[in-house]
There are 2 protein chains.
Amino acid sequence: MIRFNDKDYNSSAEIFFDIFDDRLKLIIIWYLKNEKLRFKELFEYLQPITKKTLTIKLKELESLNLINREVFAEVPPRVEYSLSEYGEDLKPIIDEILVWSQKYVGKFGTKI
Amino acid sequence: MIRFNDKDYNSSAEIFFDIFDDRLKLIIIWYLKNEKLRFKELFEYLQPITKKTLTIKLKELESLNLINREVFAEVPPRVEYSLSEYGEDLKPIIDEILVWSQKYVGKFGTKI
DNA sequence: CTGTATCCAACTCGATACTG
DNA sequence: CAGTATCGAGTTGGATACAG
């Protein structure tokens, strides 16, 4: 048994499934996989999304130690998000997702 | 642009995120990764879940060509689920999820 | 630009009972 | 055993307006 964030798990993989049980957090990781992005940039990539939802998801990812949040003391304000060490570690998963998707789409999708 | 199941996508990875946008489908794949399982076995592994929800998710996975459904003409009935070719292809993702989880849990989890 | 605060619609999924 | 049918609670996340 493993305890993480006040919850108990039987296997470590359950923790992954619990963290990424929503639609958005892994997609945000996907967009951050090879570049630092500002709040506004993520907001545009993820349309349709609201600022409220994006803010919540970014805070969750930050408190899970998966992304870093950098605030610049400028006007207008600038905040940049990037993968942390443990966020970077998700890249092999992302890479395999891409491999799978391309094969799957090649079989069942249609280019238009 | 890619068309898949009457929807349009900009990148193939989006299709993965769209398929696995719920909490359960990838977890079902996880349990099927190295064994064929009966409805009842999945039902027990996935507790708490209802038969209704499990049925829906299994049908979705089947219609996505990710799992196979085998019905045996017995009394009581027996139905076995297993990964299809494209379901098997998800294993590298599952493997990387396990790698990541173990490192992450090693850092932030507690064995109890 | 980067958020917060309310409000609420939609969807997921569980509880329970019943069927072939 | 392997589902289906109905109901409803809970949560996610969008619309809109406002703030620092």
Side-chain angles (χ1 to χ4, degrees), chain A residues 5-7 14-32 35-64 66-83, chain B residues 5-7 14-32 35-64 66-83:
Chain A
N5 273 1
D6 299 326
K7 289 167 70 177
E14 279 179 31
I15 293 179
F16 174 90
F17 293 124
D18 209 21
I19 289 175
F20 296 104
D21 65 347
D22 58 14
R23 193 175 53 87
L24 289 166
K25 289 206 289 295
L26 197 55
I27 298 181
I28 292 174
I29 298 288
W30 165 268
Y31 280 110
L32 291 175
E35 50 180 347
K36 210 173 273 205
L37 290 175
R38 300 182 60 163
F39 184 88
K40 186 190 178 176
E41 294 173 310
L42 280 168
F43 183 70
E44 286 165 359
Y45 283 137
L46 292 164
Q47 283 309 309
I49 194 175
T50 61
K51 291 181 228 169
K52 185 195 86 171
T53 302
L54 180 55
T55 301
I56 291 171
K57 294 302 162 186
L58 288 170
K59 279 187 177 160
E60 287 177 9
L61 285 168
E62 193 192 0
S63 80
L64 287 161
L66 296 178
I67 64 172
N68 301 312
R69 179 173 182 274
E70 250 178 310
V71 185
F72 296 84
E74 302 174 0
V75 179
R78 177 161 59 108
V79 179
E80 290 187 348
Y81 294 91
S82 58
L83 296 185
Chain B
N5 273 1
D6 299 326
K7 288 166 71 177
E14 279 178 31
I15 294 180
F16 174 91
F17 293 123
D18 209 22
I19 289 176
F20 296 104
D21 65 346
D22 57 14
R23 193 174 52 86
L24 289 165
K25 289 208 287 296
L26 196 55
I27 297 182
I28 293 174
I29 299 288
W30 166 268
Y31 280 111
L32 291 175
E35 50 180 347
K36 208 174 274 207
L37 289 175
R38 301 182 61 163
F39 185 89
K40 186 191 177 173
E41 294 173 310
L42 281 168
F43 184 70
E44 286 165 358
Y45 283 137
L46 292 164
Q47 284 309 309
I49 194 175
T50 61
K51 290 181 226 171
K52 185 194 85 172
T53 302
L54 180 55
T55 301
I56 290 170
K57 294 303 161 185
L58 288 169
K59 279 186 177 159
E60 288 177 10
L61 285 168
E62 193 192 0
S63 81
L64 288 161
L66 297 178
I67 63 172
N68 300 312
R69 179 174 182 273
E70 247 178 310
V71 184
F72 297 84
E74 303 174 359
V75 180
R78 178 160 59 110
V79 180
E80 290 186 348
Y81 294 91
S82 57
L83 296 186

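Note that the coordinates shown come from a computational prediction; the quantities given were computed from them, not determined experimentally. Naming convention: chains lettered A, B, ... in sequence-line order (proteins, then strands); numbering from 1 in each chain.
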Quick one: bend of the helix from C:dC1-D:dG20 to C:dG20-D:dC1 from 5 pairs per end, to 10°? 50°
For nucleotides 1-4 of chain C, list the nitrogen or oxygen atoms of the protein found under 3.5 Å from its nitrogen or oxygen atoms, one pair per line.
residue, atom, partner, partner atom, Å
C:dC1, OP1, A:Lys40, NZ, 2.7
C:dC1, O3', A:Arg38, NH2, 3.0
C:dC1, O3', A:Pro77, O, 3.1
C:dT2, OP1, A:Arg38, NE, 3.2
C:dT2, OP1, A:Arg38, NH2, 3.3
C:dT2, OP1, A:Val79, N, 3.3
C:dT2, OP2, A:Lys40, N, 2.9
C:dG3, OP1, A:Arg69, NH2, 2.3
C:dG3, OP2, A:Tyr81, OH, 2.7
C:dG3, O6, A:Lys51, NZ, 3.1
C:dT4, OP1, A:Lys59, NZ, 2.4

Tell me what A:Leu54 touches on the nucleic acid: a base, only sugar-phosphate, or nothing, going by heavy atoms under 4.0 Å. nothing
Name all residues meeting the side-chain contact (heavy atoms from CB on, under 4.5 Å) criterion together with B:Val75; count only those two or more places apart in sequence or in a different chain, and write none if there are none. none
Does anyone know the first and last nucleotide of DNA chain D in reach of chain A, 5' to 3', at under 4.0 angstrom to a heavy atom? D:dG13 to D:dG20
Does any pair with a residue in residues 41-50 of chain B pass side chain to side chain donor-acceptor pair (under 3.5 Å), and if so which ones, sequence neighbours excluded? B:Thr50-B:Thr53
Which part of the nucleic acid, if any, lies within reach of B:Ile49 when heavy atoms closer than 4.0 Å are counted: base, sugar-phosphate only, or nothing? sugar-phosphate
Counterpart residues, salt bridge (charged side-chain N to carboxylate O under 4.0 Å, His left out), relative to B:Asp18 (two or more places apart): B:Lys7
Starting at CG of A:Asp22 and ending at P of C:dC13, how long is that distance when rounded to a whole Å? 12 Å
Side-chain touch B:Lys25/B:Leu66, heavy atoms, less than 4.5 angstrom: no
Suppose we screen for ring pair (Phe, Tyr, Trp, His ring centres under 6.0 Å). Which residues come up paired with B:Phe17, at least two apart in sequence or across chains? A:Trp30
By side-chain contact (heavy atoms from CB on, under 4.5 Å), which residues pair with B:Glu62, not counting sequence neighbours? B:Ile67, B:Arg69
For A:Asn5, which residues count as a side-chain contact (heavy atoms from CB on, under 4.5 Å) partner, sequence neighbours excluded? A:Leu64
Could you state the CG-C1' distance from A:Asp21 to C:dC11, rounded to the nearest angstrom? 14 Å
Going by the rule ring pair (Phe, Tyr, Trp, His ring centres under 6.0 Å), which residues pair with B:Phe43 if we only count those two or more places apart in sequence or in a different chain? none
For A:Phe39, give me all partners under ring pair (Phe, Tyr, Trp, His ring centres under 6.0 Å), at least two apart in sequence or on another chain. none
Just N and O in the side chain of B:Thr53: are any of them under 4.0 Å from OP1 or OP2 of C:dG14? yes
Taking side chain as C-beta onward, heavy atoms only, is B:Asp22 less than 4.5 Å from B:Glu60? yes
Expressed as a whole number of angstroms, how long is the span from B:Lys25:NZ to C:dT12:C1'? 11 Å
side-chain contact (heavy atoms from CB on, under 4.5 Å) partners of A:Glu80, counting only residues at least two apart: A:Lys36, A:Arg38, A:Glu70, A:Phe72, A:Arg78
Is any side-chain N or O of B:Arg23 closer than 4.0 Å to OP1 or OP2 of C:dG14? yes
